[in-house]
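Heads up, the thing below is written out as structure tokens.
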Amino acid sequence: MKKNELLNLIDGELLEKLFGFCYGRTRDSYEAQELCSDIVFALIKAADTEGEIDEPYPFIWRVARNVYADFSNDRKRHAEHFYEGDPNKVLPLIANHHKDDNSPELLNAVYHRIAFLTKAYREVMIMFYLDGMSTAEIAKRQNISETAVRQRLFSARNKVRSEVKEMTEINNKPVALDKINYVIWGDGDPLWGDPNTIFNRVLSKHIVWLCRKKPMTSIEISKELGVPTIYVEDELEVLAYGANGKYGLLRRLDNGRYALNFILLDKDEMKEAAAICTEHIPTVCDIIYDYIEKRKNDYLAFPYLNKNVDLNLVLWQQVYTMARAFADNVETKLWEKYFSDRKRPDRPFSVYGYVDYGKYYGGGWDSVDAENVCGYTKVHLVNIYNDYVKKHFGCGLNVSKDTQIQLALRAINGLNISSLNEAEKEHAAKAVECGYLYREGDMLYTKILVSDMKDKDRMFRISRELSKGYFEAQAQETAEKLYGLIRKIVPDYLLDEWRFFNNLANSPVFDSLIEVLIEKGILTPPVDRVGAEGCWISVAE
């Protein structure tokens, strides 16, 4: 169908589905209405352009997801970084307002080149060549001067024109890189500077993989990938700089080569490392199960501030620390026998990972701090998540703008429903639905585990006792095997990162422990992965 027929599909049924999509992803009906309006507006703009759509409904939902991504500001549209499909299918959808400058051949080449331009250049090129915006419109959108836009456009255009000819002579075809993905974990405070946040382009992933095998120069990488050196140099600069200029995925050596700057395993290495720890999982899970049975009353005796304390919620809070206990035992053995002369990396945050081969272990642990919220001078929020528990929030949560969290804070000592206005009642209903609150008569109470800030440091004292020799024989055998693998795989300059190798190897323990405890009836997962499980709060008045 033609794009200008798109609006004929926007009937009442589709609008209802769109609004449901929006409501489930926003805080209330007011935000949902705003988001839904933005999606419809984007569809109207699309309908005002030339071209045809083979599959209209996938196109509509693709627009909806892209608009939501911009609306939430949590991620960038994938098309801004790299387009992995056939550009000839996309180019007919692009309004061509500059026919003199944009012949089909040049526009085709420009589209490929845009994917490799640095962000500042790329955004200007997309807006000017593909979106048909004027320099004045771009300046307004980017909040920069029109002179700056022209300067970026001039530099980018010169690069594009020269590389179009060069690429034609070298390959006689556009650049095409195979997909390659990684599972990247972080340790510490990601707000300090997580280098993985800028690790989303296909070219970047291939460069990192080449530098993992051996340190390489930009010229060597360019020849290996068949990509002009100018684009490789841009990517190398970004990858070595990282998110803050202090820690990147690559490091530049004195000889001008670039080398891997974090532990990264290929799929066979990850399988081998995980197998070493998996061998002892049945015994480890049995030990932890027996430990829980003996210490149930001790867990419940912790002075939570909730009206009612559920053992299931307490154990979901503790399960990561329990699983981590085996890795801690192995780490102690590795340090005592093999790595006592190695210093920990001196930085607030580190990453490590492996090539994605369809197996994803474990989950995540995100926390956030706030001050002067709902009568509390300090608030510490945490949520862990995995295959059984859905993530509630990330490290960047702004508590002052999260009404549901605020209601959970207000309801610690009970909150009368009659005291809420209509907008707050809607937020409260969603907070009940996601597990933050529960209702008892005319009162709302906080379901998330809550403790006094002064007790936060001893919250995991009972579970941490598992790290003190409970898996002595298993940890010793695991450490010996892991050391051999570490020495075979990890280059000497990354040996200070050996603890992260141990973390990767022990990843299966967390998943296995949860499965065993669920099977034995110790843990009960929330319905549809949404509940208070894995969340807790510490407060100070």
Side-chain angles (χ1 to χ4, degrees), residues 24-25 285 288-289 291-293 295-325 360-368 379-395 397 399 402 404-409 411-412 427-440 444-451 455-456 459-464 466 507-539:
R25 289 162 173 77
C285 289
I288 294 175
Y289 170 75
Y291 183 83
I292 293 173
E293 286 291 313
R295 304 297 296 270
K296 281 183 179 178
N297 291 334
D298 295 330
Y299 280 116
L300 287 172
F302 186 83
Y304 293 103
L305 302 181
N306 304 74
K307 181 183 178 184
N308 297 309
V309 178
D310 184 346
L311 179 62
N312 186 55
L313 297 183
V314 173
L315 294 180
W316 275 108
Q317 177 194 50
Q318 301 287 326
V319 69
Y320 182 87
T321 304
M322 294 175 184
R324 176 67 205 179
Y360 184 82
Y361 299 102
W365 176 310
D366 289 355
S367 63
V368 64
V379 177
H380 181 69
L381 297 160
V382 181
N383 80 151
I384 59 175
Y385 43 93
N386 48 59
D387 288 341
Y388 296 95
V389 177
K390 190 174 182 179
K391 179 178 180 177
H392 278 289
F393 54 82
C395 296
L397 174 72
V399 179
D402 194 309
Q404 293 176 38
I405 289 290
Q406 292 177 25
L407 285 168
L409 292 170
I412 292 175
H427 286 294
K430 297 193 80 170
V432 171
E433 183 181 24
C434 76
Y436 287 170
L437 302 173
Y438 69 93
R439 179 174 180 173
E440 194 172 287
L444 293 172
Y445 293 96
T446 305
K447 190 174 183 180
I448 304 171
L449 293 174
V450 184
S451 67
D455 297 318
K456 181 168 72 75
M459 187 178 296
F460 299 97
R461 178 181 54 81
I462 299 172
S463 296
R464 288 195 183 109
L466 282 164
S507 298
V509 177
F510 181 56
D511 294 333
S512 299
L513 176 61
I514 290 177
E515 292 172 1
V516 169
L517 295 183
I518 290 176
E519 182 181 342
K520 292 179 178 291
I522 294 292
L523 285 179
T524 301
V527 178
D528 296 327
R529 298 179 60 224
V530 179
E533 290 79 359
C535 287
W536 64 91
I537 306 175
S538 298
V539 295

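Hydrogens, waters and symmetry mates are skipped; everything else that's a heavy atom, side chains included, is used. In this chain, residues are counted from 1 in sequence order.
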Item to complete: Report yes if the side chains of Y289 and L513 come closer than 4.5 Å at any heavy-atom pair, otherwise no.
Response: no
Worksheet item: Can you check whether E533 reaches L523 side chain to side chain, under 4.5 Å on heavy atoms?
Response: no
Worksheet entry | Min side-chain heavy-atom separation I522-E293 under 4.5 Å | yes
Response to the item:
Between H380 and V382 the two heavy atoms that sit nearest each other are NE2-CG2, 3.3 Å
Worksheet item: What residues, two or more places apart in sequence or in another chain, satisfy side chain to side chain contact (heavy atoms under 4.5 Å, CB included) together with V368?
Response: L381, F393, L397, V399
Worksheet item: Out of curiosity, C434 SG to K447 NZ, how far, rounded to the nearest 0.5 Å?
Response: 10.0 Å
Discussion item. Within this structure, what is the CG-CD1 distance for the pair L407 and I412, rounded to the nearest 0.5 Å?
Written reply: 11.5 Å
Worksheet item: Is a side-chain donor or acceptor of H392 paired with a backbone partner of G531 at a separation under 3.5 angstrom?
Response: yes
Worksheet entry | Partners passing side chain to side chain contact (heavy atoms under 4.5 Å, CB included) against D511 (at least two apart in sequence or in another chain) | Y361
Worksheet item: With a 4.5 Å heavy-atom cut-off, do Y291 and I462 have their side chains touching?
Response: yes
Worksheet item: Looking only at side chains, do Y385 and D366 share a donor and an acceptor under 3.5 Å apart?
Response: yes
Worksheet item: What closest approach, in Å, do D455 and P303 show between heavy atoms, and which atom pair accounts for it?
Response: OD2-CG, 3.6 Å
Worksheet item: Which heavy atom of L305 sits nearest a heavy atom of S451, and at what distance?
Response: CD1-C, 3.8 Å
Worksheet item: Which value, rounded to the nearest 0.5 Å, describes the distance between L437 atom CG and T446 atom OG1?
Response: 6.0 Å
Practice prompt. Kindly write out the residues that satisfy side-chain hydrogen bond (donor to acceptor under 3.5 Å, both in side chains) with T524, not counting sequence neighbours, or none if the list is empty.
Written response: none
Worksheet item: What do the steps show when you test R529 against V389 for side-chain contact (heavy atoms from CB on, under 4.5 Å), and what is the final call?
Response: CA-CA 4 Å; R529 298 179 60 224; V389 177; 5.8 Å; no
Worksheet entry | Steps toward side-chain contact (heavy atoms from CB on, under 4.5 Å) verdict (N386, Y320) | CA-CA 10 Å; N386 48 59; Y320 182 87; over 6 Å; no
Item to complete: Please check if the side chain of D528 supplies one atom and the backbone of V530 the other of a donor-acceptor pair under 3.5 Å.
Response: no
Worksheet, complete the sentence: CD1 of I537 to CD1 of I448, rounded to nearest 0.5 Å, is 4.5 Å
Fill in: side-chain hydrogen bond (donor to acceptor under 3.5 Å, both in side chains) partners of K456, counting only residues at least two apart
none
Worksheet item: For the atom pair CD1 (I292) and CG (L315), what is the distance rounded to the nearest 0.5 Å?
Response: 5.5 Å
Practice prompt. Test side-chain contact (heavy atoms from CB on, under 4.5 Å) on Y438 and N308 and set out the steps.
Written response: CA-CA 11 Å; Y438 69 93; N308 297 309; 3.0 Å; yes
Worksheet item: Of all heavy-atom pairs between F510 and A323, which one has the smallest distance, and what is that distance?
Response: CA-CB, 3.7 Å
Fill in: Exceeds 12 heavy-atom contacts within 6.0 angstrom, atom NZ of K390
no
Discussion item. Rounded to the nearest 0.5 Å, what separates atom SG in C535 from atom CD1 in I405?
Written reply: 7.0 Å
Fill in: Stepwise side-chain contact (heavy atoms from CB on, under 4.5 Å) check, C285 with K520
CA-CA 11 Å; C285 289; K520 292 179 178 291; over 6 Å; no
Discussion item. For W536, give me all partners under ring pair (Phe, Tyr, Trp, His ring centres under 6.0 Å), at least two apart in sequence or on another chain.
Written reply: W365, F460
Worksheet item: Would you say the side chain of Y436 lies within less than 4.5 Å of the side chain of K430, judging by non-hydrogen atoms?
Response: no
Discussion item. Suppose the criterion is side chain to side chain donor-acceptor pair (under 3.5 Å): which pairs have a residue in residues 298-307, not counting sequence neighbours?
Written reply: R295-D298, Y299-S463, Y304-Q317, K307-E440
